[in-house]
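Please read the structure below before turning to the comments.
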Amino acid sequence: MDQDMKDSMMAALENVIDPELGVDIVNLGLVYDVDLTEEGTANVTMTLTSIGCPMGPMIVDQVKTALGELPEVKETDVNIVFNPPWSRENMSRYAKIALGIR
């Protein structure tokens, strides 16, 4: 997968908003990696803000929908991991400003 495709996938994921925080999952630092196989399967490695996040299934569905809009993506597999654990340091400057975090 080339960098342009990776950039397109990350841009699509910026449309997935964490419903509790109101910021997209990319800027929150929840997406650790994306990949696309030659067969068109998007593999997303990501985390959630907490292990018991009640919005997890909804976010996964939104990830699949967002990536499904890219013509190259035929299927999406989402791998939720908790190692390394998410922390505020993962967030972009934009996310920190939006949430009022210094």
Give me the atom names and distance for the closest heavy-atom approach of [X] to [Y].
X	Y	result
A95	V23	CB-CG1, 3.9 Å
A12	A66	O-CB, 3.6 Å
D24	L13	CB-O, 4.5 Å

Atom pair CD1/CZ of I97 and R102 - distance to nearest 0.5 Å
10.0 Å

Nearest-0.5 Å distance, CD1 of residue I17 to CE of residue M55
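Those atoms lie 14.5 Å apart.
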
Residue pair S92 / N27, side-chain donor-acceptor N/O under 3.5 Å
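A donor-acceptor contact under 3.5 Å links the two side chains.
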
Under a plain distance cut-off of 3.5 Å, with no hydrogens placed, do S87 and E89 share a side-chain donor-acceptor pair?
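Yes - a donor-acceptor pair under 3.5 Å links their side chains.
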
Is any side-chain heavy atom of [X] less than 4.5 Å from a side-chain heavy atom of [Y]?
X	Y	answer
M9	D35	no
T41	T76	no
V44	D77	no
V81	M46	no
V60	I80	yes

Counting only heavy atoms not in Y94 (residues, nucleotides, ligands), do more than 12 fall under 6.0 Å from its OH?
no

Donor-acceptor under 3.5 Å (W86 side chain, M91 main chain)
no

